[in-house]
Participant: 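Handing you this structure, nothing more for now.
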Amino acid sequence: MTPAAKLSVAEANREYDVRRLRADFDDVVKGWLARSAGFRAKADCSIDLAYGPRPREKLDIFFAPKRGGPVVVYFHGGYWQRGDKSVYSFVAAPFVASGIDFALVNYNLCPDSSIPLITCQSEAAIAWLWREAGHLRLQRDRFNISGHSAGGHITGMMLATDWPGIGADLPKDLVKSGVPLSGLYDLAPLRPTEINVAVKVDAKVAKTHSPMLLKPAGKAPVLAALGGSETSQFHAQTDRFVEAWSGKGFKIEKLAEPGVDHFDLVNRLAEEDSLIFRRMRDWLQ
């Protein structure tokens with residue numbers, strides 16, 4: 001495996017704190033909130049379904065007009081310390097229009113939470129959806145996992161999850177495909193950054209919760225995507241993840257949409273004519 005580049009603290013902060021690269025970041029989020037509220041108002045959806053007892057253990061499902069298609073379970077970004085599923089409802093629009101059911105998951109946020117807890121919550125959300133699929137009229141044998149940034153990390157962790165170890169009723173091949181977006185697959189480079197003040201990744205967590213260092217638990221193919229204009233370290237993270245899992249005889253590909261940065265990749269995902277949406281739609285099982 002190609003070793004991670006040695007960065008100074010200043011370089012690491014510059015490469016990973018991508019909000020600083022967008023002077024209009026607050027306006028971007030306001031736009032997402034408005035688009036999401038508008039979509040929820042007209043969508044066939046179930047909002048704030050509880051998958052666990054904690055206040056943030058809730059998810060939203062947006063249903064396609066015709067049932068029986070693929071299901072995408074999506075985890076939002078925000079470096080495990082910001083964000084909410086309600087910001088990203090708009091991303092579901094082209095999927096629903098294409099016959100794909102789309103679930104968005106909330107989880108506890110750092111510093112009150114931790115990456116190990118978030119991982120357990122994400123597993124619990126998927127297990128709950130699988131068990132409730134019949135009542136929800138979801139196709140339980142067509143579960144696909146995706147997420148952006150921190151959600152890309154969660155996607156990687158879910159692809160490495162031993163599902164029968166979570167519950168004896170869960171199948172080993174519960175996840176049929178994965179599409180992590182702008183993911184963080186090696187947590188060690190984040191440890192000296194300002195991001196880690198809230199997340200508190202130590203050496204143990206960096207070893208046990210870096211998807212790059214884990215083995216895929218099943219045979220679900222993975223499309224590791226990001227924006228072509230993202231920072232060099234986001235590209236390095238994806239390249240090293242693809243290299244590591246390819247070396248295990250696993251089907252994994254990289255996709256970089258040209259001219260797109262970290263946040264515009266989310267916008268492109270919500271556009272039916274974009275490269276990332278078309279590739280992801282065709283990748284789903």
Side-chain angles (χ1 to χ4, degrees), residues 31-51 57-77 83-107 122 124-148 151-152 154-155 158-159 170-171 173-181 220-223 225 255 257 260 264-285:
W32 290 349
L33 283 166
R35 293 169 67 186
S36 291
F39 178 64
R40 285 195 302 275
K42 62 184 181 183
D44 178 8
C45 57
S46 293
I47 303 298
D48 283 338
L49 298 174
Y51 67 84
E57 290 181 338
K58 292 183 171 63
L59 55 83
D60 300 341
I61 306 175
F62 295 88
F63 298 103
K66 183 178 180 180
R67 303 296 169 86
V71 179
V72 171
V73 185
Y74 184 91
F75 297 90
H76 69 77
D84 189 88
K85 59 184 173 55
S86 63
V87 179
Y88 301 95
S89 304
F90 77 100
V91 174
F95 291 90
V96 168
S98 296
I100 300 161
D101 297 312
F102 200 93
L104 291 121
V105 181
N106 260 4
Y107 47 85
S122 303
I126 294 170
W128 183 87
L129 274 169
W130 189 87
R131 289 168 175 145
E132 296 296 321
H135 299 297
L136 297 168
R137 291 187 292 158
L138 299 175
Q139 197 70 20
R140 64 162 39 164
D141 60 351
R142 301 194 70 182
F143 273 37
N144 304 266
I145 312 300
S146 185
H148 177 251
I154 294 170
T155 301
M158 298 304 98
L159 290 162
L170 301 177
D173 64 345
L174 189 157
V175 176
K176 304 304 182 183
S177 80
V179 185
L181 308 162
V222 176
L223 180 66
L255 171 67
E257 179 152 1
V260 176
D264 281 336
L265 186 68
V266 179
N267 289 322
R268 294 292 284 162
L269 188 62
E271 297 173 4
E272 291 185 358
D273 64 344
S274 70
L275 174 61
I276 179 57
F277 173 76
R278 288 184 282 108
R279 283 295 307 278
M280 180 168 171
R281 177 198 60 201
D282 296 343
W283 194 265
L284 302 177
Q285 304 295 305

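Below, each value reflects all heavy atoms present in this structure, side chains not excepted, and no hydrogens, waters or symmetry copies.
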Participant: Looking at R67 and D44, does any basic side-chain N land under 4.0 Å from a carboxylate oxygen?
Facilitator: yes
Participant: Is a side-chain donor or acceptor of T155 paired with a backbone partner of G178 at a separation under 3.5 angstrom?
Facilitator: no
Participant: Does this structure show an ion pair linking K58 with D84, if we count only N-O contacts that are shorter than 4.0 Å?
Facilitator: no
Participant: Where is the tightest heavy-atom contact between S46 and F63, given as atom of each residue plus distance?
Facilitator: OG-CE1, 3.5 Å
Participant: List for me each residue that meets side chain to side chain donor-acceptor pair (under 3.5 Å) alongside R35, sequence neighbours excluded, and say none if there are none.
Facilitator: N267
Participant: Measuring from E271:CD to D264:CG, what's the distance to the nearest 0.5 Å?
Facilitator: 8.5 Å
Participant: Between atom CD1 of I61 and atom CG of L49, what is the distance when rounded to the nearest 0.5 Å?
Facilitator: 5.0 Å
Participant: Check whether any side-chain N or O of R40 sits under 3.5 Å from a backbone N or O of S86 as a donor-acceptor pair, and report yes or no.
Facilitator: yes
Participant: Which residue is it: F90, F62, Y74? I am looking for the one with a ring pair (Phe, Tyr, Trp, His ring centres under 6.0 Å) to F102.
Facilitator: Y74
Participant: Take F75 and Y88, measure what side chain to side chain contact (heavy atoms under 4.5 Å, CB included) needs, and give me the verdict at the end.
Facilitator: CA-CA 9 Å; F75 297 90; Y88 301 95; over 6 Å; no
Participant: Kindly give the heavy-atom pair with the smallest separation between H76 and K85, and that separation in Å.
Facilitator: CD2-N, 3.7 Å
Participant: Any pair with a residue in residues 276-285 that passes side chain to side chain donor-acceptor pair (under 3.5 Å), sequence neighbours left out, goes on the list, sorted by first then second residue, please.
Facilitator: E253-R279
Participant: What pair of heavy atoms forms the shortest contact from I276 to L269, and how long is it?
Facilitator: CG2-N, 3.7 Å
Participant: Could you list the residues that satisfy side chain to side chain donor-acceptor pair (under 3.5 Å) with D101, not counting sequence neighbours?
Facilitator: none
Participant: Rounded to the nearest 0.5 Å, what separation is found between the OG atom of S122 and the CG atom of L59?
Facilitator: 11.0 Å
Participant: Output all residues satisfying salt bridge (Lys or Arg N to Asp or Glu O under 4.0 Å) with E272, sequence neighbours left out; order by chain, then residue number.
Facilitator: none
Participant: Look at the side chain of S36 and the backbone N and O of V87, then say whether any donor-acceptor pair between them is shorter than 3.5 Å.
Facilitator: yes
Participant: Between S146 (side chain only) and V179 (backbone N and O only), is there a donor and an acceptor less than 3.5 Å apart?
Facilitator: yes
Participant: Could you pull out all donor-acceptor pairs under 3.5 Å where a side-chain atom in residues 124-134 meets a protein atom, sequence neighbours excluded?
Facilitator:
residue	atom	partner	partner atom	Å
W130	NE1	R140	O	3.4
R131	NE	D169	OD2	2.9
R131	NH2	D169	OD1	2.9

Participant: Looking only at heavy atoms, what is the nearest atom pair of S98 and F277, with distance?
Facilitator: OG-CZ, 3.5 Å
Participant: Whether the side chain of N144 engages the backbone of R142 through a donor-acceptor N/O pair (distance < 3.5 Å, no angle test) should be reported.
Facilitator: yes
Participant: If you compare all heavy atoms of V73 against all heavy atoms of F143, which two are closest, and at what distance to 0.1 Å?
Facilitator: CG2-CD2, 4.4 Å
Participant: Which pair of heavy atoms, one from P70 and one from G99, lies closest together, and at what distance?
Facilitator: CD-O, 4.0 Å
Participant: Working to the nearest 0.5 Å, report the span between CD1 of I154 and OH of Y107.
Facilitator: 4.0 Å
Participant: Can you name the residues that form a side chain to side chain donor-acceptor pair (under 3.5 Å) with D273, not counting sequence neighbours?
Facilitator: none
Participant: Between D60 and D48, is there a donor-acceptor pair closer than 3.5 Å when you use the side chain of the first and the backbone of the second?
Facilitator: yes
